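Below is one structure, written out as structure tokens; the observations come after it.
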Protein chains: 2
Amino acid sequence: MTEMGRRERKKAATRQALADAALRLFLERGYDAVGVRDVAEAADVSVTTLFKHFPDGKEALVFDEDTDREAALVAAVRDRPVGQTVPQALRGLLHEERSRQVRADPGFPDFLHLIDTTPPLREYGRRMWLRHENALAAAIGTDAGLPADDPGCQALAHFALDAVALVHGRPDAETALDRIFALLDNGWSGMTSPGGAGGWER
Amino acid sequence: MTEMGRRERKKAATRQALADAALRLFLERGYDAVGVRDVAEAADVSVTTLFKHFPDGKEALVFDEDTDREAALVAAVRDRPVGQTVPQALRGLLHEERSRQVRADPGFPDFLHLIDTTPPLREYGRRMWLRHENALAAAIGTDAGLPADDPGCQALAHFALDAVALVHGRPDAETALDRIFALLDNGWSGMTSPGGAGGWER
DNA sequence: ATCACTAAGTTTATCGGTTGCGCTTTTTTA
DNA sequence: TAAAAAAGCGCAACCGATAAACTTAGTGAT
């Protein structure tokens, strides 16, 4: 499974060296005070090589691959216990992820602080996170027996993901998340269960 | 009230010349094919002057000041007819703005098409639009008798504004907006009127 | 073991947006 | 009218990002 030849191993190594050097330098001197040239030199590669490994640019140096977060999102919707609504399941997943982040390796708080205090990194992280919107919307649509491009599913997915950005930096982030998901849960249950699914008089 | 000295008049003139030249060139050759140097030269000013007038950069050249859209948003919430909910009022405002945009001066469709087909401009426009989030949240909070930093108000404001970006490019944009606002209306009415305001079991 | 193939990496050069600096010119104001 | 304020200028540089042509080093099949 993980049988990588020397080639792929070296490739992964340089990529890791770049990511490590970048994170270290960013933490030491601050994101803006470090140029891509500095990072490349610290990793002992050329600038072009850096961009070969991180075509999305400087911000991408900080974020490792996602892979399983999207799977976790759709699984949370698909495999939720009976009687639990979709928003409730998503709220639960976010809660778990949050408590998992508190632990993790040391230096992780510094990492989070760097992102929180650096607008380009915040923005990039948000975009990465929102990239799962379509997959989540599809999962929700399947679950509710709605077309994959239903605006309601799309909106619920988008709002649920965006909620974490919305409560960012709050001291009462957890209860704020609760309140936002209460709004989504109310709205969603009203759209799926009873009377008109889409009808709405203004 | 509008007594501008010669100085401010000239300043406004230069700014307008820059905006006009930029829009014209962008429409003629495409956004990416036009550099800020081209724009500056077409407006007969230096590049430095261009950035003095538009510190936000190239994208800002296309967007004129907003000023009254934010006022319209808070007014729609504050002065809405009795019996109408906040989401309904916002939905109505967006509907009016949309129908108003269809008319407007000639060349406006080209303007919209330019923005829609140019990712950086789309992104910038969205950010400008979302900038009214706090004012709108405050208006909603005042209306509902909630603290200004209530997560529910913040979320409703954010979601309502973000809805227009969410339905972008859809053929059924109007009905999609209806559906999204139905979700918000259901959720919001559930949070304000009856039982628990924030309580929510997961 | 060799040889052709492929992919990583390098060098160099360039492009476009953006900023800082020192300077001139115009307008306001004391 | 002198001085302060502000608009503008030209220049040079910085920075992120990309392109082209070339070298180096694993890979795999014969």
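Computed from a predicted structure; not experimentally measured.
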What ring-ring contact (aromatic ring centres under 6.0 Å, His included) pairs are there with at least one residue in residues 30-60 of chain A, not counting sequence neighbours?
Phe26(A)-Tyr31(A)
Return each pair, listed once, that meets ring-ring contact (aromatic ring centres under 6.0 Å, His included) where at least one residue sits in residues 118-147 of chain A; pairs must be two or more places apart or across chains.
Phe63(A)-Tyr124(A), Trp129(A)-His132(A)
Not counting sequence neighbours, which residues clear salt bridge (charged side-chain N to carboxylate O under 4.0 Å, His left out) with [X]? List them please.
X	result
Asp143(A)	Arg80(A)
Asp172(A)	Arg170(A)
Arg78(B)	none
Arg126(A)	Glu123(A), Asp162(A)

Using a cut-off of less than 4.0 Å, is there contact between a side-chain N or O of His53(B) and OP1 or OP2 of dA7(D)?
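Checking His53(B) against dA7(D): no side-chain N or O falls below 4.0 Å of OP1 or OP2.
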Short side-chain N/O contact to dC9(D) OP1/OP2 from Thr49(B), under 4.0 Å
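Checking dC9(D) against Thr49(B), a side-chain N or O does come within under 4.0 Å of OP1 or OP2.
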Figure out the [atom1]/[atom2] separation between [X] and [N], and round it to whole Å.
X	N	atom1	atom2	answer
Glu41(B)	dG8(D)	CD	P	17 Å
Arg9(B)	dT28(C)	CZ	P	8 Å
Asp38(A)	dG16(D)	CG	P	8 Å
Lys11(A)	dT6(C)	NZ	C1'	12 Å
Gln16(A)	dA8(C)	CD	C1'	17 Å
Phe54(B)	dG17(C)	CZ	P	15 Å

Taking only residues two or more places apart in sequence or in another chain, which ones pass side-chain contact (heavy atoms from CB on, under 4.5 Å) with Ala21(B)?
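Testing Ala21(B) for side-chain contact (heavy atoms from CB on, under 4.5 Å), a comparison that skips the adjacent residues, returns Ala42(B), Ala43(B).
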Run the side-chain contact (heavy atoms from CB on, under 4.5 Å) test against Asp116(B) and tell me which residues pass, sequence neighbours left out.
Arg122(B), His168(B)
Test: salt bridge (Lys or Arg N to Asp or Glu O under 4.0 Å). Region: residues 15-27 of chain B. Which pairs qualify, not counting sequence neighbours?
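Applying salt bridge (Lys or Arg N to Asp or Glu O under 4.0 Å) to every pair that reaches into residues 15-27 of chain B, excluding sequence neighbours, yields Arg15(B)-Glu65(B), Arg24(B)-Glu28(B).
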Which atom names give the shortest non-hydrogen contact between Ala137(A) and Ala157(A), and what distance separates them?
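Where Ala137(A) meets Ala157(A) most closely, the heavy atoms are N-CB, 3.6 Å.
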Atom of Ala72(A), atom of Leu93(A) and distance for their closest heavy-atom approach
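The answer is O-CD2, 3.7 Å.
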With heavy atoms under 4.0 Å as the rule, sort Asp44(A) into base, sugar-phosphate or nothing.
sugar-phosphate
Check each residue of residues 57-64 of chain A for a non-hydrogen atom within less than 4.0 Å of any atom in DNA chain D, then write out the ones that pass by number, or none.
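Residues of residues 57-64 of chain A under 4.0 Å from DNA chain D: Gly57(A), Lys58(A).
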Using a strict heavy-atom distance below 4.0 Å, which residues from residues 22-37 of chain B are in contact with DNA chain D?
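The stretch gives none, as no residue of it lies under 4.0 Å from the strand.
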One character per nucleotide, please: for nucleotides 18-30 of chain D, 5' to 3', B when the base has a protein heavy atom closer than 4.0 Å, S when only the sugar-phosphate does, - otherwise.
BB-----BBS---
